[in-house]
Number of protein chains: 2
Amino acid sequence: METLRERKKRRTRQALLRAALELFTTQGYEHTTVDEIAEAVDVSQRTFFRYFAGKEEAAFAVQEMTEARFVAAVRARPPHEAPMEALRQAVLEGWDAIRETVESAVPVELYLRMYRTIGSTPSLLAAHLRRSAATEETIARLLAEREGVDVDADPRPRLAVAVFGGVIRVTERQWSTGEDFSLEAIRALTASYLDQVGSALTGNWGDARGC
Amino acid sequence: METLRERKKRRTRQALLRAALELFTTQGYEHTTVDEIAEAVDVSQRTFFRYFAGKEEAAFAVQEMTEARFVAAVRARPPHEAPMEALRQAVLEGWDAIRETVESAVPVELYLRMYRTIGSTPSLLAAHLRRSAATEETIARLLAEREGVDVDADPRPRLAVAVFGGVIRVTERQWSTGEDFSLEAIRALTASYLDQVGSALTGNWGDARGC
DNA sequence: TGTCAACTGTCAGTGGCTGTCATTAGCCTC
DNA sequence: GAGGCTAATGACAGCCACTGACAGTTGACA
């Protein structure tokens, strides 16, 4: 049972988050001041900072949820699966379950808009990449444990995860600069690009085109 | 022939850069104010901002040079070379020529210290990753042109570069958290890790250990 | 119902960064 | 070599993100 105080807090946080994302995605992250966000929810600026450590944290609040979900999905993959295959399955599962993951906080449509805003805002892109790096470190440790190797002595877990992360970033980039901003589009792109890594590394692209 | 005014500007910039890196690496980036840097060189804060767009730009001024050199090295690789091999050679050449590249601005030792500071400062790490992403985009276009494919239609150039960039990041991380902060160490790590990507992707690390 | 603790608002202050304007100092011409 | 021109600088005011401190308010709970 949820107390009134808790309900109020949750509502305030949700309102702040939603107002923030709405403003970020419509008028731009840099051109949105914390005062504006606070004013939109009718709280003081100080209160905003009690819910979010900064503008940035608000911008990534939903991403945080999907990342956590992805990490959990990797953890849940059967141990006999090869590392790269486990990552592939986990990320695709993540896209399949995105509605369920996100909708409790904000509409999926707003989430997708924010996703693109992150890609087109330099400071947010930087933060996103740093966050991805942190997630990759988590995953690398997970895989290392799973496979029974020492993550600090054997570079292969980190290498594998870095490669995987690289592919994901290319996918994100392509999706957010393309025309089809649907969920299906990014899921399909993810699968397609993961399939093409091997051939990308071998070179001879000119010759192999169309094969 | 260099005029007096130009000489003064160059000296001021160099003094600011050096003071900034010295302060960043000794007392930390976040704990260094622009006022401190300006004071150390005996100019006004406003003048600092006339030479550098912000603290961040000063922190990356030397990295900027090495990145440019790397891009040039890739461009100079023979066209018949496979893409990944060209990248590998270019980055190793870059490490070999690092003294020559950097010493005109600051001592190499200061550059290496700053390199590590970037890795251990979240906001600088974020900026570094974003800058890397920009460089990767440049390289991807370069490779695509070289190989005669369309960078927007064919994902393989970006995928290859992303994979390569991922390996480099793992290398940087390992180097900056290890004990050997020498130039030789990072060069050797780079070569070693690039060799291991293949085996990292195949999985079965436990079985393959020691092979 | 009264006490406590959580939540919030207000205010003052720091630091990064920008625009403006007057002043200084190198440059170049007559 | 005296003058005007212009780049470089300093001083100042101001915006915005963010923080600490303190006081007021409002749910929780005995």
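Proteins get letters first, then strands, A, B, ... in listed order; numbering begins at 1 in each.
For Arg187(B), the side-chain contact (heavy atoms from CB on, under 4.5 Å) partners are Leu92(B), Trp95(B), Asp96(B), not counting sequence neighbours. Judged as a ring-ring contact (aromatic ring centres under 6.0 Å, His included), and not counting sequence neighbours, the contacts of Tyr111(A) are Tyr115(A). For the side-chain contact (heavy atoms from CB on, under 4.5 Å) test, residues two or more places apart in sequence or in another chain that qualify with Glu81(B) are Arg77(B), Pro78(B), Glu85(B), Ala86(B), Gln89(B), Arg146(B). Phe52(B) meets the ring-ring contact (aromatic ring centres under 6.0 Å, His included) test with Phe48(B); sequence neighbours excluded. Under the rule for a side chain to side chain donor-acceptor pair (under 3.5 Å), the partners of Glu30(A) that lie at least two apart in sequence or sit in another chain are Ser123(A). Checked against ring-ring contact (aromatic ring centres under 6.0 Å, His included), Phe24(B) has the following partners two or more places apart in sequence or in another chain: Tyr29(B). Here Thr138(A) pairs with nothing under the side chain to side chain donor-acceptor pair (under 3.5 Å) rule; sequence neighbours left out.
Contacts between residues 7-23 of chain B and DNA chain C, counted as heavy-atom distances below 4.0 Å, involve Lys8(B). Heavy-atom distances under 4.0 Å link DNA chain C to no residue of residues 115-126 of chain A.
Residues Phe181(A) and Leu112(A) have side chains not in contact (no heavy-atom distance under 4.5 Å, counting atoms from C-beta outward).
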Discussion item. Treating primed atoms plus P, OP1 and OP2 as sugar-phosphate and everything else as base, which nucleotides of nucleotides 13-19 of chain D get B, S or - for protein heavy atoms under 4.0 Å?
Written reply: ----SBB

Show the atom names and distances, to 0.1 Å, of all donor-acceptor pairs under 3.5 Å that link a side chain in residues 4-11 of chain A to residues at least two apart or in another chain.
residue, atom, partner, partner atom, Å
Glu6(A), OE1, Thr3(A), N, 3.0
Arg10(A), NE, Glu2(A), OE2, 2.8
Arg10(A), NH2, Glu2(A), OE1, 3.4

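Screening residues 140-165 of chain A for ring pair (Phe, Tyr, Trp, His ring centres under 6.0 Å) gives no qualifying pairs among residues at least two apart or on separate chains.
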